[in-house]
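Everything quoted here is computed from the prediction, not taken from an experiment.
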Amino acid sequence: MDDNGSGLEGTSEAGEFEFLEGIPAGAYEVDKEGNFLYCNQEAAHLLGYDSAEELSQKNIYDLYFDRNDRERVLERTRTLGGRMKSYIRWKRKNGSEVVVNDFAEFVCNKRGEESGIRGIFVEATYERLFDDLNAGIYRVGPDNKTIELVNKAVARIFGFNSPEEMRGYDISKLYRYPKDYREFMEYLEKNQKVENYPLEMKRTDGEPVIISVSCHVLQNKQGEIVGREGTFTDVTEQQRYRELLEIPLGVYEAKIKDGKPIIIFCNEKFIEMFGYSSEKELIGRNIHELYANEKDVEQFEKALKEADEENKPLDYLLKVKRKASQKEGGEREEFWIKIYCYPREDEEGNIIGRIGTAMDVTDRMELERIIETRKDIQRFIHGFIAPMMSIHATSQVVAREVERGIGIRYGLEDMVRLQRKKRNTMHLFDEMRTTSEALAEKIGNLITLGRLEPAFDERHIHELTNIKNSVEREITDIVRRIIEVRKLHKDTYSKLNDVLAFIRTERRIENSRELSDLIKLCFIDLDELDSTYLLYLTQSILNKSKIAYHDVEGLRQLMMRVGDEHIEQLFEFQPTNLLDMVEDTIDMYRIDASLKGILIRSPRGKIPEVDVSRSHLERMLSYVIQNAVKYSFKRDGYIHVDFRVGGDSVQIDVEDYGVGILHEEIESGKIFEYGYRGKFSRDRNRTGSGIGLSEAKRISEAHGGHIKVESAPVGDHGEVITHNTPHKTTISIFLPIRQEKGDLNG
């Protein structure tokens, strides 16, 4: 085996020991049975062998004068948490004794099982050389504060003149923040050891330093903790570099290979921006594959060439595309980035690659585009709002006429019952289900009675049976199949008419009157189903026109203010039944929610009338409930709307279960910015303008209230939070119950 050696699954690469070459320090790795997997030339030299290959043919047990010493060393290493420093009596090739100081640790496979040992050893007389290593070694006494032992690396890290100067020093004074020391000790007490624990500490001159700590507690034979020992590594520079890579910019490097720019590095933000899950998915790819259009490749390369000729970096807007989604036929979503890049050159001045940053500017570009074309958009929306208002008004007239016609046709009692149902479209569907069940039962009785008549045509029995089965089948999914249900009712009416005509012309039928009466009762049910369907249809049109009106009006209001934030619209406050308003708004979205398998629970109880600007508050509630429906999980989702009254204010809570909002997006206030859409909002190509929450905030504040957003993962979600992680999200709107008298009616 050569110096590069080889190792088990889960072990370290030999290259990790390369920094020890040239000093009298042996490096090795062995499997569970003690067979060498790796050893360096220095290890062979210290033990008197001619080469690392010769030493690697031995078993580590062969190096001990007493093979039982090996077992004792392993047991002690396990007791000390898998790492230890120990003096061991080994023998050289010629049989002479050598005392080595061995720094060893267990190596585990991916299943966490011990797979071997790796270590670094020096002849005890050369132990002083380890004082000059970059890794700091330290030991703290039983009081958990007093430093008992450090090497020169630790002294150097913290700015002391020597290790002796640090002995007896209170280590807690090296922590920049006392709470960090307390938290570290609590973690160590709970887990007995730490691995690569980051700490912000300080040097003797007060300069901050970032330390990575690995240590374990020390115990005596009685199991009592007598201190701790471990290593300090100064990672200040690495941390600064990592922070650079974690800035909200995608950072990448591409190398020219066969005339193509191949990605050789990218940071987490770049990976996330393009919809990938790991660096491995992007490394080695031609960066041109990320462009949205092939023609952009030529244009971008031309711009690069011009920038190179002028010897300046390139600042360029480019349309690119994300990784294809997992859904069936998933397309790669396109978005805009701003690239800032410059060339990498070799020693001869030849361009061998590019280094650059990428920023997602899709939302910003959209907002800038709106601002630039604000006047044109305003003219368009002003032209559009009039017919939209006309459609909304016409829908209301049609709804009233349909209701009036039904009232004339069926009388006051039936009309009152249907009017009571119509405010909630789902109640209309319940009415249709109930009536359909009654219709199926009557058709069943018709079939039973028809079978008793010898003269009754078997073809009609078969047809009636098919009708009954179809009615029963459609009952379970009326909402989703309303058009098919409507057609079924018309077909049923026609076929029952055929059966009735047969009964009236066939003189051999004895119970013709009873059969005819049953069919007439079926006609009554079908007429009621027809009326209920018309009520649903008009209410649905009314709801859809209202949603469209709110959306257009919200956009018009936004256009009035973009670039002119001082412009304020008049808010006309008047006492309003908030419960009715919320119920009407919920009803606008009940069908969409039901189609996703989501139940919207309405608020219960009584609340006082609240002074609000009705048109504005309706629009705000529409935005909030629409978002709840849009981002709730299908089938598993739910929406709860509740009121709370406290003192002189009322709180409206809209809670949903589904796609979450990141904590940093809430804390930074980004979700309230015009045009901003959350990180998870486009997980399944959900459409949106990014103005709903910003408008809700503006309207609530215009009422003298405010809005609050909470979103937290539910259940065991693991370490990585994605758009698939279920969240409970609550939008809370706080409004004063009464406005100042001077504010009422404008």
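Between the side chain of Asn267 and the main chain of Val251, a donor-acceptor pair closer than 3.5 Å is present. Side chain of Glu289 to main chain of Arg285: no donor-acceptor pair is present (N/O by atom type, distance under 3.5 Å, no hydrogens or angles). For Ser649 (side chain) and Pro736 (main-chain N/O), no donor-acceptor pair under 3.5 Å exists by modelled atom type. Under a 3.5 Å cut-off, the side chain of Glu609 and the backbone N or O of Leu578 do not form any donor-acceptor pair. The closest donor-acceptor contact from the side chain of Lys708 to the backbone of Ile731 lies at 3.5 Å or more, if one exists at all. Judged by distance alone, with hydrogens and angles left aside, the side-chain atoms of Asp656 form no donor-acceptor pair with the main-chain N or O of Ser632 at under 3.5 Å. No donor-acceptor pair under 3.5 Å is formed between the side chain of Lys319 and the backbone N or O of Asn293.
Of all non-hydrogen atoms in Asp296 and Tyr291, the two that sit nearest each other are C-CD2, 4.4 Å. A pairwise comparison of heavy atoms in Val645 and Ile737 identifies CG1-CD1, 4.0 Å as the closest pair. In terms of heavy-atom proximity, Ala696 sits nearest to Ile707 at CB-CD1, 3.8 Å. Closest approach of Ser732 and Gln651 over heavy atoms only: OG-NE2, 3.6 Å. Across Gly660 and Ser711, no two heavy atoms sit closer than the pair CA-OG, 3.5 Å. In terms of heavy atoms, Ala303 sits closest to Leu314 at O-CD1, 3.9 Å.
Here the side chains of Leu617 and Leu735 are in contact, with some heavy-atom distance below 4.5 Å. For the pair Ile661 and His727, the minimum side-chain heavy-atom distance is 4.5 Å or more. Looking at Val610 and Thr576, their side chains never come closer than 4.5 Å, going by heavy atoms from C-beta outward. Between Leu199 and Ile210, the closest side-chain pair of non-hydrogen atoms is not below 4.5 Å. You'll find the side chain of Ile625 reaches within 4.5 Å of the side chain of Ile586, heavy atoms only. Between Thr729 and Glu655 there is no side-chain heavy-atom pair separated by less than 4.5 Å. Within the 4.5 Å cutoff, side-chain heavy atoms of Tyr589 are placed close to those of Ser622. Contact of the Val582 side chain with the Val641 side chain is registered, since non-hydrogen atoms from C-beta on lie closer than 4.5 Å.
Distance check: Glu431 CD to Arg433 CZ gives 12.0 Å after rounding to the nearest 0.5 Å. To the nearest 0.5 Å, atoms CG (Leu621) and OG1 (Thr585) are separated by 5.0 Å. Between the CD atom of Glu333 and the CZ atom of Phe274 there is a distance of 12.0 Å, given to the nearest 0.5 Å. Separating the CD1 atom in Ile733 from the CD1 atom in Ile699 is a distance of 9.5 Å, to the nearest 0.5 Å. Here the OH-CD distance, from Tyr187 to Glu183, works out to 12.5 Å after rounding to the nearest 0.5 Å. Distance OG/Ser694 to CZ/Phe672: 9.5 Å, rounded to 0.5 Å.
Under the 4.0 Å criterion applied to side-chain N and carboxylate O atoms, Asp360 and Lys269 are not assigned as salt-bridge partners. The pair Glu583-Arg590 meets the salt-bridge criterion, since a charged nitrogen lies less than 4.0 angstrom from a carboxylate oxygen. The pair Glu334-Lys321 does not meet the salt-bridge criterion, since no charged nitrogen lies less than 4.0 angstrom from a carboxylate oxygen. A salt bridge links Glu618 to Arg614: at least one charged side-chain nitrogen sits closer than 4.0 Å to a carboxylate oxygen. Contact check on Lys670 versus Glu665 returns no salt bridge, with no Lys/Arg side-chain nitrogen under 4.0 Å from an Asp/Glu carboxylate oxygen. Contact check on Asp592 versus Lys630 returns no salt bridge, with no Lys/Arg side-chain nitrogen under 4.0 Å from an Asp/Glu carboxylate oxygen. For the pair Arg644 and Asp653, the salt-bridge criterion is met [side-chain N within less than 4.0 Å of a carboxylate O]. Ionic pairing of Glu695 and Lys697 is not present here: no N-O contact between side-chain nitrogen and carboxylate oxygen is shorter than 4.0 angstrom.
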*Check against ring pair (Phe, Tyr, Trp, His ring centres under 6.0 Å), His288 and Phe300*: CA-CA 10 Å; His288 291 163; Phe300 183 60; 7.7 Å; no

*asked:* As a quick check of understanding, evaluate side-chain contact (heavy atoms from CB on, under 4.5 Å) for Trp336 and Leu318, giving each step before the final call.
replied: CA-CA 6 Å; Trp336 286 93; Leu318 185 66; 5.7 Å; no

*What do the steps show when you test Arg604 against Asp642 for salt bridge (Lys or Arg N to Asp or Glu O under 4.0 Å), and what is the final call?*
CA-CA 7 Å; Arg604 292 183 173 84; Asp642 280 315; over 6 Å; no

_Please determine whether side-chain contact (heavy atoms from CB on, under 4.5 Å) holds for the pair Met273 and Ile337, giving the CA-CA distance in whole Å, both sets of side-chain angles, and the decisive distance to 0.1 Å._
CA-CA 9 Å; Met273 187 183 300; Ile337 62 171; 3.9 Å; yes

*Could you go through the side-chain contact (heavy atoms from CB on, under 4.5 Å) check for Arg601 and Ile639 one step at a time?*
CA-CA 6 Å; Arg601 190 184 71 188; Ile639 299 170; over 6 Å; no

*Given side-chain contact (heavy atoms from CB on, under 4.5 Å), test Ile607 with Phe643 step by step and report yes or no.*
CA-CA 8 Å; Ile607 63 168; Phe643 285 120; 4.0 Å; yes

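Note: His706 and Phe734 have parallel aromatic rings, judged against thresholds of 30 and 60 degrees for the angle between ring planes.
Crowding of Lys728 atom NZ: a count of heavy atoms from other residues, nucleotides or ligands under 6.0 Å not exceeding 12.
With a 6.0 Å cutoff to the six-membered ring centre and a 45° limit on the axis angle, Arg354 does not count as a cation-pi contact of Tyr342.
The six-membered or imidazole ring of Tyr252 lies away from that of Phe265, with a centre-to-centre distance of 6.0 Å or more. Annotation: Tyr631 is not in aromatic contact with Tyr657 [ring centroid separation under 6.0 Å not met].
Checked by atom type, the side-chain pair Glu200/Tyr175 shows no donor-acceptor distance below 3.5 Å.
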